[in-house]
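Residue numbers begin at 1 in each chain, while the letters A, B, ... track the order of the sequences. None of these values were measured; they are calculated from a predicted model.
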Amino acid sequence: MTDDDLIWRVSGGSGDGIDSTSQNFAKALMRSGLNIFTHRHYPSRIRGGHTYVEIRASNDDVRSRGDGYNFLLALGDSFARNPKENAYYGNEELKPLSENLDDLNEGGVIVYDTGLLDEDDVAELDLEERAEENDWHLYPMDLREIAKEHGREVMRNTAGVAATAALLDMDLQHIKEIMTEAMSGDILDANVTILEDTYEDVKENTEMTHDLRAPTGEYESEQALLSGSNAIAYGAIDAGCRFIAGYPMTPWTDVFTIMSQNLPEMGGISEQVEDEIAAAALAVGASHNGAKAMSGSSGGGFALMSEPLGLAEQTETPLVLVEAMRAGPSTGMPTKPEQADLEHVLYTSQGDSQRVVFAPGNIREAYEQTRKAFEIAWDYQIPAILVYDQKLGGENTNVDVEFFNREPAPDLGSTLTEEELLEAAHDDSGKFKRFQHDPEENFEGVPEGVSPRSLPGQQAGRFLASGNEHNPMGHISEDPDNRVAQMDRRKRKKEAIRAELDEDSQQTYFGPEEAEYGILTWGSSQGAVKEAVDRLNENGHSVKALSVSDMMPYPVAEVTEWLESVDEAMVVEMNATAQFRGLTQKELGRFGDKLTSLLKYNGNPFEPAEVVEGFEANVNGGDTSDLQAQVRIEPAAGD
Amino acid sequence: MSAFNAVDDEREIDRDEFTPGLEPQPTWCPGCGDFGVLKALKQALPEVGKTPEEVLTVTGIGCSGKLNSYLDTYGFHTIHGRSLPVARAAKLANPGVEVIAAGGDGDGYGIGGNHTMHTARENHDMTYIVFNNEIFGLTKGQTSPTSPKGHKSKTQPHGNTKTPIRPLSLALTSGATYVARTAAVNPNQAKEIIKEAIEHDGFAHIDFLTQCPTWNKDARQYVPYIDVQESDDYDFDTSSRREAQEMMTKTEEALYEGEVLTGRYYVDDESVSYQQQKQDIGEMPTEPLAERYFDDDYEWERSYDLLDRHK
Ligand SMILES: Cc1ncc(C[n+]2csc(CCOP(=O)(O)OP(=O)(O)O)c2C)c(N)n1
Ligand code: SF4
Ligand SMILES: [Mg+2]
């Protein structure tokens, strides 16, 4: 991180409008030419409960949270359940201030709303004393009163944003623009008045003691601010997906909602159904009948999809599922990220699993790998799953608009037309040989192991799809020779998929090509690792990183080569049992003594400094006594 | 130009076309009621002008689930209890296809009961046939959701203490717009009811009594049966929800007293199917979605054109 980064945290209660306030402020910062990365922290409650959004704005291409942060706008929780008493949950009203102090960096700025936060309560925090110690700069302001004076009390967020802008010496132009786009009439007028008056007032009457200012920047091309969930939904839309079925569950609901809001206008179909078993089964049914279809869920809902997923595997029905991980087991911590569903996604459902699993590591990868998942699923007639987490789904970053300027890819892959079906092989009664043992011999240009399919309603395409093992026409069969032929053919598909993926790697590499040490990671931990690698090299270490996206089929050759090139590697992931390290050892069958783990599972994603510290502790023989954060080091198997 | 020319194909159809070459002889036990459903379907489909390739038969798991092994249409033999969600998506993706879902009483009233309720409530334009033999056939005779109170089986050796599901009432209260009961021993009525169900615009639920002589030996063969429309003893209006409900209650209770009542119970002629309603509010395309993927001229929408909201 450059010292000039602004890391602004706005905190309040759930229901206090923190999301929209931060979204608009992030956009304003982006329009001013800065790179943006946001992080959202929220409780599993609708009204009340401490929540914050952190916006990192930088001249650099930041793709992770920073270490700590440097500007707090604490609005106070107006929906607190125990505003005054120190009950089991503590003084909730105060939490937007009290809970955020530990992460605030030296030299940081605090603006808090004295209209909501009781001065006596604040006094108990020893705020002045701590400010002195940490060189924090305190600006208590009665935001509620300011808002009341010029408009309505609930507009105190606007007053807070205005104070932020004034203290950071930012221009109001972009903030005003965004307000004008989002509101109208009296509401707009009142907000603009609050904005301008507060800004002027702070500029004129506040003695500024801090050094922090908003960075400035410039883009070469137009940017869009979007989340990982947006990227997944947009990848699906551009792949021609026009059918989604689902049942709400945090954090998967975001993708489901974005799709549901867009599909009707595109002549697509979205179905909210009775449960996740139905959701996945509908996606299978829609795909079987010619639509490019998807479904998805989070942990518990995905567990319910286990059997329909297996059905798609066995009937070779193309399908894309997304699994948005949250901290488990069971209901776990519904709004907190974790990477602990990897094994669940890889192996759930009976029998040998026959699926593709990608774990995108950032927003661009989320878009591209969603497209790739559809392409593979329809070409190879196999379910493809995107596993991501609450962190990637909820974080926003700026992406070059032109990144999305690509041809749509609605192709149905290995699906035949009626003309092609008339030419294809049938049994004596006219049943189409949908599941041929050696389709390579009869069809040109289909990938290895893929027996092209027909769709109900097509002439000359009649067949039976069955979850039971079946013969070429789809009839149920327990004949051993047929069983082996079908199983081997389905396995051939996976080998062909691996070969295709190897042609254009989806893995991401960071750091110098030659390095002593490696950091291996997957999914959304990529951002923190990327930044940590930069810093470690600056600190004199020789480190590179590999962020793996292909979870199944695993990129054996690629990871082997990389691991061979380093002396030791640390595997960074957000779970307690080192699932990805386990997968890597299983797939590669070696390197057990070379791989250590850095694990975090307290509900918060890694910050770059934690990876740096963890790495240094590891290199120093695994001494964790200096580690500040709740991370755990797991020694190598051979140790 | 359609990519699905089996849909609305007007040609003459012979019922033998529905007999597959590979498994022309079903492997059901001799005397099994499932034969009756198969026969009625083979007769009904040509009479309503359906060819094998414009029909999709979606089944669950059970003896009943084997239906599409012996009925030559497009078939999808799914998993236990899940025929309905697969079937209704088929109808959404390609509405021209005639969708028939089928499965056992365990499949549809037990493990898949939630889907039965919700598919009925949504009023999807499809036919659902429940092979009701009051037993788990395929897994060798355990108690099912429709087994009578007191029924003994290996898993309930002292007898069933549970009140059986009321299949007709369940369908009606859930929202089905055509509800009938027929029996394998009454092939003519079965055929006519299947035809009506196929032609009905909405969710048509048929509770089909299929005797299982192998595991349900003490059960009746569902003879003699009475057709409530033909009998002078019963007079009710099938378009009245209230009268239908009363007649259903009577029918469900009578079965356990040895009286087999069958016929149409509820017919909503004003039913508007789910697909139609979805189209009316702009949540479903009027051209079948499946056709679009074969249309080389279609201009596919792109996310690039949605980015204004993010700038
Ligand atoms: C999830 C699941 N649970 C259990 C089974 C085993 N099973 C197969 S069929 C069946 C019950 C069959 O009864 P019914 O649905 O009434 O069909 P029938 O055989 O009587 O036609 C069961 C329990 C299964 N296949 N899948
Ligand atoms: S077990 Fe019963 S239901 Fe199954 S085939 Fe035999 S008679 Fe029919
Ligand atoms: Mg049964």
Distance, nearest 0.5 Å, that separates [atom1] of [X] from [atom2] of [Y]:
{"X": "A:H470", "Y": "B:H77", "atom1": "NE2", "atom2": "NE2", "result": "12.0 Å"}
{"X": "B:Q275", "Y": "A:I269", "atom1": "CD", "atom2": "CD1", "result": "9.0 Å"}
{"X": "B:L22", "Y": "A:D428", "atom1": "CG", "atom2": "CG", "result": "9.5 Å"}
{"X": "B:E23", "Y": "A:M473", "atom1": "CD", "atom2": "CE", "result": "10.0 Å"}
{"X": "A:L455", "Y": "B:E291", "atom1": "CG", "atom2": "CD", "result": "10.5 Å"}
{"X": "B:T78", "Y": "A:Q314", "atom1": "OG1", "atom2": "CD", "result": "13.0 Å"}

Polar contact flag, side-chain donor to acceptor under 3.5 angstrom, [X]-[Y]:
{"X": "A:Q459", "Y": "B:D9", "result": "yes"}
{"X": "B:N5", "Y": "A:Q458", "result": "no"}
{"X": "B:Y304", "Y": "A:E402", "result": "yes"}

Q. Does the ring center of B:H310 lie less than 6.0 Å from the ring center of A:Y234?
A. yes

So, does [X] use its side chain to make a donor-acceptor pair with the main chain of [Y] at under 3.5 Å?
{"X": "A:R462", "Y": "B:E54", "answer": "no"}
{"X": "B:E53", "Y": "A:A460", "answer": "yes"}
{"X": "B:R82", "Y": "A:E307", "answer": "no"}
{"X": "B:R302", "Y": "A:R406", "answer": "yes"}

Contacting region of [X] [heavy-atom separation from chain A under 4.5 Å]:
{"X": "B:A90", "answer": "both"}
{"X": "B:V97", "answer": "side chain"}
{"X": "B:T59", "answer": "neither"}
{"X": "B:L289", "answer": "side chain"}
{"X": "B:I61", "answer": "side chain"}
{"X": "B:R309", "answer": "both"}
{"X": "B:K91", "answer": "neither"}

Q.
Tell me whether the rings of B:F76 and A:H288 are parallel (<30°), tilted (30 to 60°) or perpendicular (>60°).
A. tilted

(Q) Taking every non-hydrogen pair under 4.5 Å, which of B:V7, B:N94, B:L92 racks up the most with chain A? (A) B:L92

Q.
Under 4.0 Å between a side-chain nitrogen and a carboxylate oxygen: does that hold for B:R121 and A:E274?
A. no

Q) When you check the gap from the basic side-chain N to the acidic O, do B:K278 and A:E271 get nearer than 4.0 Å? A) yes

Q: For A:F463, look at atom CZ and say whether over 12 heavy atoms of other residues, nucleotides or ligands are found less than 6.0 Å away.
A: yes

Q. Should we say atom CD of B:E287 is surrounded by more than 12 heavy atoms from elsewhere, each under 6.0 Å from it?
A. no

(Q) Quick check for you: among A:S429, A:A224, A:G267, which has the greatest number of heavy-atom pairs under 4.5 Å with chain B? (A) A:G267

**Q.** Verdict with reasoning, A:R242 to B:E301, per salt bridge (Lys or Arg N to Asp or Glu O under 4.0 Å)
**A.** CA-CA 10 Å; A:R242 291 295 180 273; B:E301 303 81 1; 2.9 Å; yes

Q.
Evaluate A:V273 against B:R88 for side-chain contact (heavy atoms from CB on, under 4.5 Å), listing each step before the verdict.
A. CA-CA 11 Å; A:V273 297; B:R88 70 199 211 220; 3.4 Å; yes

(Q) Using the rule given for ring-ring contact (aromatic ring centres under 6.0 Å, His included), can you reason through B:Y70 versus A:H475, listing the C-alpha separation, both sets of side-chain angles and the distance that settles it, and then say yes or no? (A) CA-CA 10 Å; B:Y70 316 134; A:H475 278 277; 8.4 Å; no

